Novice: 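Encoded as structure tokens, here's the structure I'll be asking about.
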Amino acid sequence: MLSAVGNGFVTVLRRMGSRTVTIIGWLGYATRFAVAVVQKSPAAFSRLSLTLREIYFSGVLSLVIILVSGLFVGMVLALQGYDVLQRYGAAESLGVLVALSLVRELGPVVSGLLFASRAGSAITAEIGLMKATEQLSAMEMMAVDPLARVVAPRFWGGIISMPLLAALFSTLGIFGAYLVGVKLIGIDAGAFWSNMQAGVDFRYDIVNGIIKSVVFGIAVSMLAVFEGYDAKPTAEGVSTATTRTVVESSLAILGLDFVLTVFMFRGVG
Amino acid sequence: MNLNRSTLDLWVGVFVALGIGAILFLALKVGNLIDFASAPGYRLQARFDNIGGLKSRAPVKAAGVVVGRVESIKLDSATYQAVVTLRIEPGYQFTKDTIASILTSGLLGDVYIGLDPGGDPQMLADGGTVSKTQSGIVLEKLIGQFLFDKAAQGGAPK
């Protein structure tokens, strides 16, 4: 009786230990992969056409969803913000409310989430399928480094696209808020813009927002290429890896956003 | 991939140009690094002892209708008065005895300038000065005044 409990306890301990060792080993592998990708990055710029192609796939093809989402997020933000602000007779502050929420938070975060599901998943699926069909092994046999030829251009394409997409998202959002607030509801256009310009600081708000989007771009692109490279070379493995990319990227964006916000905007009312 | 190189380059170029344009828009129009200005209309000046929370580009209203904007606010270092330049839209005329007052829409709302025309037959022209002004209300001063009055009342012998 007692020995059965003891055996069960030992089994649980063993499992925990084995899981811990696996996770730490995975972390080490992921770090080694990240360092290798950064080392091979010059290849992404010495053959610029490869990176341009990736900017086309992850940036240009994400434009439509980013622009439409930005417009609608801005319009909804204006409607909801106006509903609350007009109770306090401060409807003119709508401009600064919308601009600050978009530039500081929603622009980088929502476009990051969209980017992860639109472009990150595609990158993982592509690299995973290349691995499953042994294209990566074939490249290695022909003395072509797949990290330099396949992974690095996708990584840099994502990093370059992400801040541009976030800036476009914020711009379209502000335009949407202008349409709803000024054209539809009838807030004074001058008050809308002047409040915004008085309340938004270039260095403090806009530059911090761009820094956020660059960090999210690095995180999403790195996770996407890693999951693709690490995928089991089967159909199921590729689909699992694609799902993991979206889930992990979204969690990474939200977690990093909290940490960055604590550092950037601490103690601001 | 059936996109040839030049089409791809074009699209990436359009994307990057749009993105940089968006960053510029955020910096210039939203963050206000540069002033986009110069609309038609004529200018009036008004001197106030205290402008309260008035900002440049605040609306100028007459009878609640927006008739212009605050163009600039400066301090006259000789009289220590605020010199506010108003740009009035063309087509609106105001009498020489117009009173300009600094008002607030709602308790927390935007600060604006209200113009109350009088009965003078002569009209203000471009570059004219609104001579009768009423300063903005500074809430702290008002509360201070109120407390001071209360204290004076309470301290007075009955």
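If you're wondering where the values come from, they're calculated on a predicted model, not measured in any experiment. Within every chain, numbering begins at 1; the chains are lettered A, B, ... in the order of the sequence lines, protein sequences first and strands thereafter.
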Novice: Please look at A/Leu52 and chain B and tell me whether the side chain, the backbone, both or neither of the residue comes under 4.5 angstrom of a heavy atom of that chain.
Specialist: both
Novice: Return the option, out of A/Asp205, A/Leu172, A/Leu164, A/Ile210, with the maximum number of heavy-atom pairs under 4.5 Å with chain B.
Specialist: A/Leu164
Novice: Report yes if some heavy atom in the side chain of A/Phe265 is under 4.5 Å from a heavy atom in the side chain of A/Tyr204; otherwise report no.
Specialist: yes
Novice: Side chains of A/Lys183 and A/Tyr178: does their closest heavy-atom pair fall under 4.5 Å?
Specialist: yes
Novice: Which one of A/Ala191, A/Ser49, A/Ala99 has the most heavy-atom pairs closer than 4.5 Å to chain B?
Specialist: A/Ser49
Novice: Is any NZ, NE, NH1 or NH2 atom of the basic residue among A/Asp188 and B/Arg69 found under 4.0 Å from an Asp or Glu carboxylate oxygen of the other?
Specialist: yes
Novice: Non-hydrogen atoms of chain A under 4.5 Å away: do they reach the side chain of B/Val14, the backbone, both or neither?
Specialist: neither
Novice: Are A/Leu165 and A/Ser62 side-chain neighbours, meaning at least one heavy-atom pair lies under 4.5 Å?
Specialist: yes
Novice: Do NZ/NE/NH1/NH2 and the carboxylate oxygens of B/Lys132 and B/Asp97 come within less than 4.0 Å?
Specialist: no
Novice: Heavy-atom distances under 4.5 Å only: say whether A/Leu63 touches chain B with side chain, backbone, both or neither.
Specialist: side chain
Novice: For B/Asp126, is there an ion pair with B/Arg43 - N to carboxylate O distance below 4.0 angstrom?
Specialist: no
Novice: Given a strict heavy-atom distance threshold of 4.5 Å, which part of B/Val66 is in contact with chain A: side chain, backbone, both, or neither?
Specialist: side chain
Novice: Heavy-atom pairs under 4.5 Å with chain B are the metric here; pick the option from A/Asn195, A/Leu102, A/Leu85, A/Val103 that has the most.
Specialist: A/Asn195
